[in-house]
Amino acid sequence: MSNVLVVGDGPAAQRLVDRMRHHGFEGAVTVLGAGPATVVTAVDRARRRVLAQVNGAPATYSYDALVLAVEARPLIPGIPGLLDCEGRLTEGVVAPGPASGTPPVTAESAVVLGEGPLAVETAASLAARGVGATLVCATPHPLYTRLGETCSGMLSERLERAGVTVLGGRTAVGRLPGRLRLDDGTTLRADTVVLCAGTAPDTRLARACGLDVRVGTVVDDRLRTSDPHVHAIGDSTAYDGRLADGPQVAWEQAEALAEILAGHAVTYRPRPSALRLRTDVADVAAIGSPADLHRPGTRRIGLTDRANRRYVRLALRDERVVAAVLFGLPQAIATIGFLHRRGQRLPSDRLGLLLDLPPGPVSGSAAGGGNAPVCLCGNVSEQTLLKAWRAGSRTVTELAKTTRATTGCGGCTGPVEELCRVWARASRQEREKAS
């Protein structure tokens, strides 16, 4: 495999290229981004080449292996005033992609439409930057379907405390410049409207070149499409009849394909479904399917601590976690996520686990370091981080380079910073004792 061509410039494509080199790939890698100056017009599978327009001029690229790393397209609600007569977003309306981050809003006020993770993360980020942010969601609270009444209500409270006005059970019915009208007759100031109403897989290129497309571009356990010379990763792909969901899945696919293209005998096996918000507003995680929280034959364990803003709901089968919703418990999120992925039984100290108590000695000395993952995206454990810290990576930035922790969703940045402080303090104490 000497010539790999990647179509797409999102996080999945970038991680793929980075990890290919890490795993020893020595061939040529060409990346065709999805920006306005580069437009892929066709894939000629018979001749193994891609046709494109680059800065307005036609260009042809050959490949031994082609990777479609095309991001999903934002869904545009059918609200009058969002689109102009040519079908383009009107001025002041933006629709960020699922992995593109918070849009560069410079206005004083913004209304975010949506109830999913991207809507929550966007509204929280805008408020943190000083923008007057309002989150409008059709459900009673954001992430209501995934988290349930109590937990999603606690999330609304945390967003309000962070400066986000949350309007649940409302929908937008029309937009005028600088204003947004809701179904109850309310008119909101909205210098900018941010659309986070969901996404649809972008399978246009795959369909046009005759690949097998169902809910997404179909791939096998080597992330190959129906053409063995064409691979696909990211949120426009479908494995085993299910659409890839979330940035963590795209990263896992990129990691697996990087090894495959580098010649390693690995296969892709998706991890169980998991959601963790990428925001400092609250530690929130949903593991497994919401249906498993109510399925007959499961045993349920719950804890609601409103005073300290903590919440846990677990569904167990054979003492193993099949689904969970957690709020305000970062250590429990990491531990339960680890046990769920490995299919391992819960420890005997259930109460300690739910209350975020450490399962063993606290990592308060430089000799600590557990196996539970601190970084869920990269599956980086405290033990791995400690080993890198001892080898000289003493800051979050240095640890990110050596272990890849914090380089996914970013939700583990705080815990990694705290570990650095703990280890530095313990190291100073040991030096003082020695002197």
Side-chain angles (χ1 to χ4, degrees), residues 115-117 119-121 123-125 127-128 133-135 137 139-169 274-288 290 292-294 298-316 321 323-340 346-364 370 372 374 376 382 409-419 421-422:
E115 50 262 355
V120 173
E121 294 161 0
S125 179
T134 300
L135 175 60
C137 53
T139 53
H141 301 288
L143 288 172
Y144 180 85
T145 304
R146 193 74 187 268
L147 302 180
E149 172 72 34
T150 302
C151 189
S152 64
M154 295 173 74
L155 176 59
S156 286
E157 293 172 4
R158 292 297 295 169
L159 287 168
E160 293 274 0
R161 289 170 62 92
V164 178
T165 300
V166 180
L167 299 179
L275 161 70
R276 188 168 189 180
L277 284 183
R278 298 176 293 175
T279 175
D280 293 332
V281 168
D283 281 297
V284 184
I287 298 168
D292 284 325
L293 290 167
H294 310 285
T298 59
R299 187 163 67 90
R300 284 171 284 279
I301 298 177
L303 167 69
T304 301
D305 180 3
R306 289 189 177 275
N308 293 298
R309 293 182 288 275
R310 299 185 297 184
Y311 176 87
V312 179
R313 185 165 45 146
L314 305 180
L316 307 179
V321 176
V325 173
L326 304 100
F327 185 96
L329 296 162
Q331 181 60 48
I333 289 173
T335 302
I336 290 174
F338 178 81
L339 295 174
H340 180 251
L346 284 180
S348 57
D349 184 11
R350 307 291 167 79
L351 183 60
L353 174 64
L354 298 187
L355 292 177
D356 243 5
L357 300 177
V362 180
S363 297
V374 176
L376 298 180
E382 182 179 335
C409 72
C412 63
T413 301
V416 173
E417 290 175 344
E418 177 61 23
L419 286 172
R421 287 192 290 268
V422 168

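- Rounded to the nearest 0.5 angstrom, Leu155 CG and Phe327 CZ are separated by 6.0 Å.
- Nearest heavy-atom pair, Cys137 versus Pro142, reported as atom, atom and distance to 0.1 Å: SG-N, 3.7 Å.
- Nearest approach of Arg146 to Pro290, heavy atoms of both residues: CD-CG, 3.8 Å.
- Of all the heavy atoms in Leu147 and Ser152, the pair that sits closest is CB-N, 3.9 Å.
- Leu275 is listed as a side-chain neighbour of Leu143, based on a closest heavy-atom distance under 4.5 Å.
- Evaluation of the side chain to side chain donor-acceptor pair (under 3.5 Å) test over residues 153-167, restricted to residues two or more places apart or in two chains, returns His141-Ser156.
- Applying the side chain to side chain contact (heavy atoms under 4.5 Å, CB included) test to Ala162 and every residue at least two apart in sequence or in another chain returns Val281.
- For the pair Ile333 and Ala285, the tightest heavy-atom approach, listed with the atom from each and the gap, is CG2-CB, 3.6 Å.
- The distance from atom CD1 of Ile336 to atom CG of Leu346, rounded to the nearest 0.5 Å, is 6.5 Å.
- Among residues two or more places apart in sequence or in another chain, the side chain to side chain contact (heavy atoms under 4.5 Å, CB included) test is passed with Thr150 by Met154, Thr304, Arg306, Tyr311.
- Asp305 meets the side-chain hydrogen bond (donor to acceptor under 3.5 Å, both in side chains) test with Asn308, Arg310; sequence neighbours excluded.
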Is there a side-chain contact (heavy atoms from CB on, under 4.5 Å) between Val284 and Arg276? Walk through the geometry before answering. CA-CA 6 Å; Val284 184; Arg276 188 168 189 180; over 6 Å; no
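- With sequence neighbours left out, Ile301 forms a side chain to side chain contact (heavy atoms under 4.5 Å, CB included) with Arg299, Leu314, Leu316, Arg350, Leu354.
- Side-chain contact, Tyr144 with Glu115: no donor N or O sits under 3.5 Å from an acceptor N or O.
- Rounded to the nearest 0.5 angstrom, Asp292 CG and Arg300 CZ are separated by 10.5 Å.
- Heavy-atom minimum distance, His340 versus Val321: CD2-O, 2.9 Å.
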Using the side-chain contact (heavy atoms from CB on, under 4.5 Å) rule, take Leu329 and Asp283 through it: C-alpha gap first, then chi angles, then the decisive distance, then the call. CA-CA 7 Å; Leu329 296 162; Asp283 281 297; over 6 Å; no
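- Pairing each heavy atom of Ala123 with each of Val164, the nearest pair is O-CG2, 3.5 Å.
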